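Data first, discussion second: the structure below is written as structure tokens.
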Amino acid sequence: MPKGLDRTFLDDADQDVREAEQRRKEQASLVAKLAGHGVDEPGLDAAKRLLLEIERTLAVVRAHRSLLQSLVGGE
């Protein structure tokens, strides 16, 4: 695989991680805000479940980035 293409794949994976981290940060903030405003349990529970799903997604994109890194060589 051409070296520049390796970097492109890694750059894309880095961007995926940054975006997932941002979504997690925003959702965690929303959960805290909802909890602080006494939102009903079903609404708060749904927000928490979404946060957990975002955290799972973040773990997957981090693993994907790590796999790409191992395939193209250390950094």
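Bear in mind that the values here come from a model prediction, so they are computed numbers and not experimental data. Numbers for residues simply follow the sequence, beginning at 1. Atom set for the values below is all heavy atoms of this structure, side chains included, hydrogens, waters and symmetry mates excluded.
Considering all non-hydrogen atoms of both residues, Leu58 and Ala20 come closest at CD1-CB, 3.6 Å. Across every non-hydrogen atom of Val31 and Leu51, the tightest pair is CG2-CD2, 4.3 Å. Closest approach of Ala13 to His64, counting heavy atoms only: CB-ND1, 4.3 Å. The two residues Val61 and Val17 have their closest heavy-atom pair at O-CG2, 3.8 Å.
Atom CG of Leu68 sits about 11.5 Å away from atom OG1 of Thr8, to the nearest 0.5 Å. The distance from the CG atom of Leu10 to the CD atom of Gln15 is 13.5 Å, given to the nearest 0.5 Å. Here the CD atom belonging to Glu41 is positioned 11.0 Å from the CG atom belonging to Leu34, to the nearest 0.5 angstrom.
Grouping the Ile, Leu, Val, Met, Phe, Trp and Tyr side chains by contacts below 4.5 angstrom, directly or via other members, places Ile54 apart from Leu30.
Judged as a salt bridge (charged side-chain N to carboxylate O under 4.0 Å, His left out), the pairs with a partner in residues 16-34 (not counting sequence neighbours) are, in order, Glu21-Arg62.
Every residue two or more places apart in sequence or in another chain that forms a salt bridge (charged side-chain N to carboxylate O under 4.0 Å, His left out) with Arg56 is listed here: Glu53. Applying the side-chain contact (heavy atoms from CB on, under 4.5 Å) rule to Asp11 yields the partners Arg7, Asp14; only residues at least two apart in sequence or on another chain are considered.
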